[in-house]
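To keep things clear, I will list the structure first and then write my remarks on it.
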Amino acid sequence: MVRRKFCDFADSFGVPATFPATVPLPTPVDPPTLLQLAPLASLVVSSTAMARLSQVYALGEMKRAQPSFLNAIESSVDRRRRPRPISRIRLETLLADDRQSCVSLAQGSAMPPTEELNEVLEDQYEQDGASIELKEEETVKVCLRLRPYPKLTFKIKDNTLIARCQGENQSSSEKHYTFSNVFQGNVSQAEVYDSCIRPTIRPTIGEPGATFLTYGTSGSGKTYTLLGNEKEPGIVQRSIEHIYEELYDNISTEPSLKMECMKPIPLSDETVMDELRKLRAIKESLANVEESTSIISDTIRSQHQFQPLEMGDKRVFIWISFVEIYNENVYDLLTLDGDYGKRKPMKVLSNDGNAYIKGLSTLYAGTKEDAYNVLQYGRKSATYGATDVNSNSSRSHSIFTINVITHSVSTQQISQSVYKFCDLAGSERLKKTGTTGDRLKEAQKINTSLLVLGRCLETVHKNQKSRRVHDLVPVRDSKLTMIIQSALLGKEPMTMIVNVYPTEEFYDENLNVLNFSSIAKQIVISKEPQILKAPHSTRYSFFLSQVISSPSSKIDTNQLLLEYENLKHENDRLMAEAEQKNAEIVCLKKKLAIQEFQLRNELTDNFQQHFAKMEESYQQRIQSAQELAILPFKHQLAVLNKKLKSKEQTIMEMEDEQDDYEKKLKAYEEELSNYRLQQSRVRRLSA
Ligand SMILES: Nc1ncnc2c1ncn2[C@@H]1O[C@H](COP(=O)(O)OP(=O)(O)OP(=O)(O)O)[C@@H](O)[C@H]1O
């Protein structure tokens with residue numbers, strides 16, 4: 001029971017709590033008690049966080065807040081996984097506030113006495129008085145600006161426009177439209193800027209940027225409000241002046257850090273030089289721009305006071321992009337090839353709910369003059385068409401973006417504030433503007449994207465009203481809404497200037513515009529700081545600290561380019577020399593190869609001869625060895641032959657002897673037979 005109470009209590013502050021020990025819990029639970037219990041729940045709570053909790057607790061804000069449309073309508077989030085529409089206070093955010101002054105109560109450590117804790121809390125509360133103030137949710141700022149016209153068709157009372165509407169039964173009624181500000185025809189550009197735009201431009205770390213839209217019928221003064229003219233510059237030029245004057249000391253002249261797909265990218269020296277060259281090419285393509293730039297700049301500075309901000313060790317990098325959406329295709333207005341006929345539509349992609357345009361040119365503007373040049377260059381490339389209503393009517397939406405990247409050298413935090421200035425194409429009725437053919441197609445596309453914008457605002461408003469079911473905001477249905485989705489989804493402030501040309505002719509259309517803007521007025525935005533990198537946790541930190549703290553960040557760009565050109569020439573010369581040497585080396589290598597081949601052949605011949613000689617000598621040696629080995633046998637053979645011969649001789653002699661004996665024998669046998677014959681004769685004779 002006690003455990004659940006504690007967890008519920010912690011949960012109501014968005015604190016994930018595990019509660020290993022059973023502790024008696026007083027009722028009601030007060031923040032100091034929570035602090036005392038925190039170690040048991042494995043929490044480390046900073047005094048700032050606790051002060052914040054105390055305040056929330058004291059103000060009785062534990063009840064669930066209004067459903068946050070920021071949480072509820074993120075289109076990229078699966079409906080089932082969307083966070084509940086509860087405005088929670090994230091303890092992690094509070095804990096990150098002040099690590100050094102963190103009252104660390106590790107598990108098992110001795111508990112400071114309650115009085116001591118209270119003292120710490122009070123001190124902290126006093127110190128952080130400003131920062132611990134609750135951030136109020138803000139509504140989208142919608143201002144009305146009337147183009148000068150002698151006879152107004154609407155009544156204006158304070159910040160409310162009163163329009164008469166025709167009912168169904170011809171009865172007329174009044175409709176009241178309340179705005180953050182209403183600027184009548186005699187209000188100057190400077191006043192519009194000061195009351196409507198200036199408070200939103202705070203390009204310091206953690207500020208998310210803002211989106212500014214001008215909306216209205218054709219010829220109502222949208223472009224005039226945004227861009228003005230040389231004598232009366234618009235809010236874009238004033239914002240440029242504002243940003244550059246406030247950040248002047250900290251803006252790096254070298255574009256060494258860029259944001260791509262919401263990720264900080266440190267640039268190599270080669271890329272830095274490329275960027276500076278692009279800027280120079282743009283400057284060279286514009287004629288007599290310096291004079292008009294200085295007139296605009298002087299005019300603005302005579303009308304506003306901008307003080308340089310104390311930014312400490314922060315370095316600022318400012319990148320500019322400029323696109324137009326024409327016939328639902330996004331075109332880059334800052335391409336350097338200048339062949340607008342062949343320009344290709346670009347893809348709008350989304351990364352984690354943040355839109356970016358694939359392959360978009362972003363140009364570095366290290367000075368306000370660079371920024372003016374880029375603006376001028378983009379305006380030159382924009383598509384203009386002509387309608388019967390306004391011969392210089394812009395037929396496309398154009399979005400001028402200033403991306404201010406702030407890098408803190410000491411904490412390695414990087415943040416970006418993106419300021420988008422959208423000049424929407426005129427919302428108009430097709431009949432009235434005499435649109436046919438291509439103009440009709442343009443008008444249809446324009447009306448479609450404005451319709452989607454209206455639907456987005458309507459859905460956001462509906463989602464904010466409803467506590468349970470939340471519809472998907474159709475930001476993907478048009479390129480315009482995709483690009484400005486972070487403002488539509490409440491991630492950054494949005495200011496809409498509704499331009500009205502209060503003539504009878506445009507009465508109905510102006511009513512549509514007013515109805516549209518009244519939806520926007522009811523939308524609530526929540527501000528969350530956009531810190532892109534946690535301190536000490538990125539692979540760029542070393543590089544960045546090197547780049548940013550390098551003394552070269554403030555050297556003259558032209559000098560740098562000159563040096564670079566010299567180095568490039570030297571490099572080219574060395575490259576040519578190296579190439580020549582390479583050719584020589586190749587030639588030498590060929591010669592060497594031929595020599596090697598010849599040498600190898602010679603060596604082979606020599607070896608063959610040598611082997612032949614060796615074989616011969618071996619043969620000779622073998623032969624002589626054989627002969628030597630045979631010699632005793634030969635001798636023996638000769639002896640034996642001799643012996644054989646003598647034996648044969650003996651045999652022959654013996655055979656001769658035998659023949660002699662045989663002859664003798666024969667002679668004896670004949671003698672014997674003769675004798676016997678004689679004997680027989682004798683006997684017979686005797687007989
Ligand atoms: N507040 C103003 N003060 C003086 N002149 C104005 C004012 N608003 C508009 N104008 C003039 O009205 C004319 C039309 O204005 P602009 O071109 O800004 O209209 P737009 O709404 O941008 O039209 P489109 O949508 O067709 O581009 C311009 O000549 C401009 O100077």
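Counting starts at 1 for both ligands and their atoms, following the listed order.
- Checking only distances, A425 never comes within under 3.5 Å of ligand 1, N or O to N or O.
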message: Does Y193 form a ring pair (Phe, Tyr, Trp, His ring centres under 6.0 Å) with H304? I'd like the steps, not just the answer.
response: CA-CA 9 Å; Y193 184 79; H304 304 275; 5.3 Å; yes

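- W319 places a side-chain N or O within donor-acceptor distance of the main-chain N or O of L257, the cut-off being under 3.5 Å.
- Considering CD1 of I318 and CD1 of I251, their distance stands at 3.5 Å, rounded to 0.5 Å.
- Listed by number with element, the atoms of ligand 1 under 4.0 angstrom from any heavy atom of T217 are 21 (O).
- Heavy-atom proximity to S218, at under 4.0 Å, picks out these atoms of ligand 1: 23 (O), 25 (O), 26 (O).
- At least one heavy atom of R145 sits under 4.0 Å from some atom of ligand 1.
- Of all the atoms in ligand 1, the ones that sit under 4.0 Å from a non-hydrogen atom of G221 are 8 (N), 9 (C), 15 (O), 16 (P), 18 (O), 19 (O), 20 (P), 21 (O).
- For the side-chain hydrogen bond (donor to acceptor under 3.5 Å, both in side chains) with Y372, the qualifying choice from E290, E241, Q237 is E241, the only one to do so.
- With K222, H397, R147 as candidates, the residue nearest to atom 21 (O) of ligand 1 on a non-hydrogen basis is K222.
- If you check each of T225, V187, L146, T223 against atom 22 (O) of ligand 1, the one with the closest non-hydrogen atom is T223.
- Between L213 and I497 the shortest side-chain heavy-atom distance does not fall below 4.5 Å.
- By the 30° and 60° cut-offs, the orientation of the rings of H242 relative to F306 is parallel.
- Under a 4.0 Å heavy-atom criterion, P148 is in contact with ligand 1.
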